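First up is the structure itself, then whatever we jot down about it.
Because the structure is a prediction, the values reported are computed rather than measured.
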Amino acid sequence: GNSVTQMEGPVTLSEEAFLTINCTYTATGYPSLFWYVQYPGEGLQLLLKATKADDKGSNKGFEATYRKETTSFHLEKGSVQVSDSAVYFCALNQAGTALIFGKGTTLSVSS
Amino acid sequence: NAGVTQTPKFQVLKTGQSMTLQCAQDMNHNSMYWYRQDPGMGLRLIYYSASEGTTDKGEVPNGYNVSRLNKREFSLRLESAAPSQTSVYFCASSQRTGAGNTIYFGEGSWLTVV
């Protein structure tokens, strides 16, 4: 079945550092890929998504590129801020299926 | 601008008690979902409803029942609560199921079973 694997955290960075959170997936066919973010005490919010191979999703300085050849959708940001501290979830869905999540990666950014 | 609203936000139950988590969305979405979130496990799908009048099991349905009351509302019932059901529960909705449809989440319900 479909699955999502993302790097385990926590990831601890200093402000203005470069961020990469790895995500790989297993799926038949061509899934759509998502990154969601969860701030403390809140529900999940969509950060960005990509619906076909080679698409790049971007939002708030974050970006991720749908790589079919490596089945990956790594999240990157050039310069993180303290306010980016949160839990980040990689996820996928396909036609007729609900969203399947990775286990989440906690990011902590210090000033 | 309510989006997905779920109640209650916090609940403590004794083992064996029953309760219902309520969820409503005001976005005219067809599909609704219940997930649970546990430390180190990410979010796991309990049940979903692709459209009004249909419900399907997700990854972890045991111990739960759901009702799609109408297009807006999707409730989750614990008939006999167990400590293993201590978790944070999220209701969510989307226009359709799958294929790039963005899912919108409620703020969560923290349930403790003692």
Heavy atoms of other groups near [X] [atom1], more than 12 under 6.0 Å:
X: A/E76; atom1: CD; answer: yes
X: A/K77; atom1: NZ; answer: yes
X: A/Q45; atom1: CD; answer: yes
X: A/E16; atom1: CD; answer: no
X: A/Y39; atom1: OH; answer: yes
X: B/K14; atom1: NZ; answer: no

Contact part of [X] toward chain B, heavy-atom cut-off under 4.5 Å: side chain, backbone, both or neither?
X: A/L99; result: both
X: A/Q38; result: side chain
X: A/Y36; result: side chain

Atom CZ in A/F34, atom OG1 in B/T102: separation rounded to 0.5 Å?
5.5 Å
Looking at chain B, which one of A/G41, A/A50, A/G104 has the largest number of heavy-atom pairs inside 4.5 Å, strictly under?
A/G41
Closest approach of A/L44 to B/F105 (non-hydrogen atoms, all atoms of both residues):
O-CB, 3.6 Å
Among B/Q37, B/Q6, B/R96, which has the most heavy-atom pairs under 4.5 Å with chain A?
B/Q37
Heavy atoms only, distances under 4.5 angstrom: which of B/W110, B/Y104, B/Y35, B/Y33 has the most pairs with chain A? Name it, please.
B/Y35
For B/L45, which atoms come within 4.5 Å of any heavy atom of chain A: side chain, backbone, both, or neither?
side chain
May I ask whether A/F73 and A/L75 are part of the same hydrophobic cluster, defined by side-chain heavy atoms of I, L, V, M, F, W, Y residues being less than 4.5 angstrom apart, directly or through others?
yes
